[in-house]
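Beneath this line is the structure, given in structure tokens, with notes to follow.
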Amino acid sequence: MQQITSLKQMQAQALQFKREGKKIALVPTMGALHEGHLKLVEVARQEADVVVMSIFVNPTQFGPGEDFEQYPRDLAKDAKLALEKGVDILFLPEVSEIYPEGDQTQVIVTELTRGLCGPFRPGHFRGVTTVVAKLFLIVQPDQACFGEKDYQQLKVIERMVSDLHFPVQIIAVPTLREADGLARSSRNVYLKPEDRVQALKISQAIFKVQESVAGGQRKVSALIQIAKEILSSAPDLETEYLEIVDTKTLEPLEQIQKEARVLIAAHLPGVRLIDNGALSV
Ligand code: AMP
């Protein structure tokens, strides 16, 4: 596995792969790797000749008062996991190179970022789309893998790729969970053991809504009520949003008709958790 920090070197290497007719798959991450990230690498491996994983804790997607400084960083451990999983290039750009002095260009996706996490994390998606656009231009992947765990992010990236005609195929990878249902996340390390059982209420609420839809319930207000009851049984869990939306527009629905998604964001002391699940009829 090669480690590359320089943008120019990464871009030159990507061009060389292209000349050799090799397909490149990119797995963008912020590090603190877990099984969810490694699943993305597995999928990337099936699709491409060269797997590039980027690790970049992107400052522009963190708001004031968020956890940019404390975000878990362990490069030695990440590099070992990436190597074991068969990553070919670990791309580790510097903040000062990604955002050169005087930088004033951003990529903004409008409608899809208005709801869900949008209002609670102002500027977050603009930071994500801007950095992903830069990574695409540097690494020039044929494919890029993103997790359904960050469902709104996935939809926003798909929109950006389509609107800006990036020649990149976006591959969505289902959420990897712990045995008890908790969605894997780099931020789970912030969870105190006594809070973990409360965190489980989020995935339990999602599974219960999925069961109810499978059992014939189509009314969103009833489904929301079912989820609320489960979430409210955790005394310290503060729900930020609980919504059932159309998978294309991310607009709230009243009835489940076709493809829908239930999404939850909630806080426990010192940690914000998000999760979601598919609802299909
Ligand atoms: P992050 O390092 O948190 O920015 O995540 C990097 C990529 O891994 C994103 O595409 C995430 O959606 C994806 N990811 C994070 N957690 C999971 C998970 N539990 N299952 C699948 N993909 C995930």
Side-chain angles (χ1 to χ4, degrees), residues 25-47 51-63 66-68 70-75 77-79 81-82 85 87 90-93 95 98 112 116-117 121 124-136 139 141 143-161 168-191 196 199-200 202-203 206-207 250 261 263-265 271-278:
L26 173 66
V27 178
T29 80
M30 297 204 299
L33 300 181
H34 53 69
E35 289 294 326
H37 296 113
L38 301 178
K39 182 82 203 158
L40 266 59
V41 173
E42 239 170 66
V43 173
R45 191 75 276 169
Q46 292 160 10
E47 302 284 336
V51 177
V52 179
M53 172 186 269
S54 58
I55 297 184
F56 182 66
V57 185
N58 175 32
T60 65
Q61 70 187 71
F62 290 80
E66 289 189 359
D67 56 345
F68 175 67
Q70 303 97 289
Y71 197 81
R73 292 165 171 89
D74 189 343
L75 181 56
K77 186 172 163 217
D78 286 351
L81 289 171
K85 205 68 198 177
V87 168
L90 195 57
F91 180 42
L92 307 162
V95 172
I98 291 285
L112 287 176
L116 300 168
C117 289
R121 304 192 70 189
H124 167 70
F125 288 112
R126 185 176 38 181
V128 170
T129 40
T130 300
V131 82
V132 170
K134 287 176 186 248
L135 289 172
F136 283 179
V139 178
Q143 277 116 2
C145 295
F146 289 86
E148 288 183 350
K149 160 74 171 46
D150 300 277
Y151 192 74
Q152 188 177 14
Q153 167 175 285
L154 169 67
K155 293 284 136 178
V156 166
I157 300 278
E158 284 175 347
R159 187 76 249 170
M160 174 189 82
V161 162
V168 182
Q169 182 196 355
I170 301 301
I171 299 170
V173 180
T175 303
L176 204 95
R177 299 178 179 280
E178 307 274 0
D180 57 11
L182 184 71
R184 303 252 177 170
S185 164
S186 303
R187 291 188 167 100
N188 288 352
V189 298
Y190 299 148
L191 273 175
R196 213 195 122 89
L200 282 180
I202 299 172
S203 51
I206 289 166
F207 300 154
L250 300 182
R261 201 98 190 169
L263 297 100
I264 298 175
V271 54
R272 179 180 185 271
L273 299 166
I274 56 170
D275 200 352
N276 67 86

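All heavy atoms count here, side chains included; hydrogens, waters and symmetry mates do not. Ligands are counted one by one from 1 in listed order, and the atoms in each one are counted from 1 as well.
At distances below 3.5 Å, at least one donor-acceptor pair connects side-chain atoms of S203 with backbone N or O atoms of L200. Side chain of E47 to backbone of A25: no donor-acceptor contact under 3.5 angstrom is found. N276 places a side-chain N or O within donor-acceptor distance of the main-chain N or O of K149, the cut-off being under 3.5 Å. Listed for the S186 side chain is a donor-acceptor partner under 3.5 Å among the backbone atoms of A32.
Shortest contact from atom 23 (C) of ligand 1 to any protein heavy atom: K149 CB, 4.0 Å. The single protein non-hydrogen atom nearest to atom 4 (O) of ligand 1 is M30 CG, 3.6 Å, given as residue, atom name and distance. Looking only at protein heavy atoms, the nearest one to atom 6 (C) of ligand 1 is P28 O, 3.3 Å. In terms of protein heavy-atom proximity, atom 10 (O) of ligand 1 is nearest to G147 N, 2.9 Å. L176 N, 2.8 Å is the protein heavy atom nearest to atom 20 (N) of ligand 1. At the top of the distance list for atom 11 (C) of ligand 1, counting protein heavy atoms only, stands D150 OD2, 3.1 Å.
Close contacts of ligand 1 with H34, meaning ligand atoms under 4.0 Å from a residue heavy atom, involve 15 (C), 16 (N), 17 (C). Interface of F146 with ligand 1, defined as ligand atoms under 4.0 Å from a residue heavy atom, comprises 10 (O). Residue contact check: T175 has heavy atoms under 4.0 Å from atoms 19 (N), 20 (N), 21 (C) of ligand 1. The ligand atoms of ligand 1 that sit less than 4.0 angstrom from a heavy atom of R184 are 16 (N), 17 (C), 18 (C), 19 (N).
With respect to R45 and E42, no salt bridge is recorded, no charged nitrogen being found less than 4.0 Å from a carboxylate O. Using a cutoff of 4.0 Å between basic side-chain nitrogens and carboxylate oxygens, D67 and R272 are not scored as salt-bridged.
Contact of the D150 side chain with the I274 side chain is registered, since non-hydrogen atoms from C-beta on lie closer than 4.5 Å.
Neither the backbone nor the side chain of L154 comes within 4.0 Å of ligand 1, counting heavy atoms alone. By the criterion of a heavy-atom distance under 4.0 Å, the backbone of P174, and not its side chain, is placed next to ligand 1.
Annotation: K85, atom NZ; neighbour count of heavy atoms from other residues, nucleotides and ligands within 6.0 Å is above 12.
Annotation: C145 places no N or O atom under 3.5 Å from an N or O atom of ligand 1; distance criterion only. For H37, a nitrogen or oxygen atom sits less than 3.5 Å from a nitrogen or oxygen atom of ligand 1, counting backbone and side chain alike.
Residue contacts with ligand 1 leave out E35, since none of its heavy atoms falls under 4.0 Å from the ligand.
With rounding to the nearest 0.5 angstrom, the CG atom of L182 is 7.5 Å from the CG atom of D275.
With S54 as the fixed residue, the side chain to side chain contact (heavy atoms under 4.5 Å, CB included) test singles out one of T29, L26, V27: L26.
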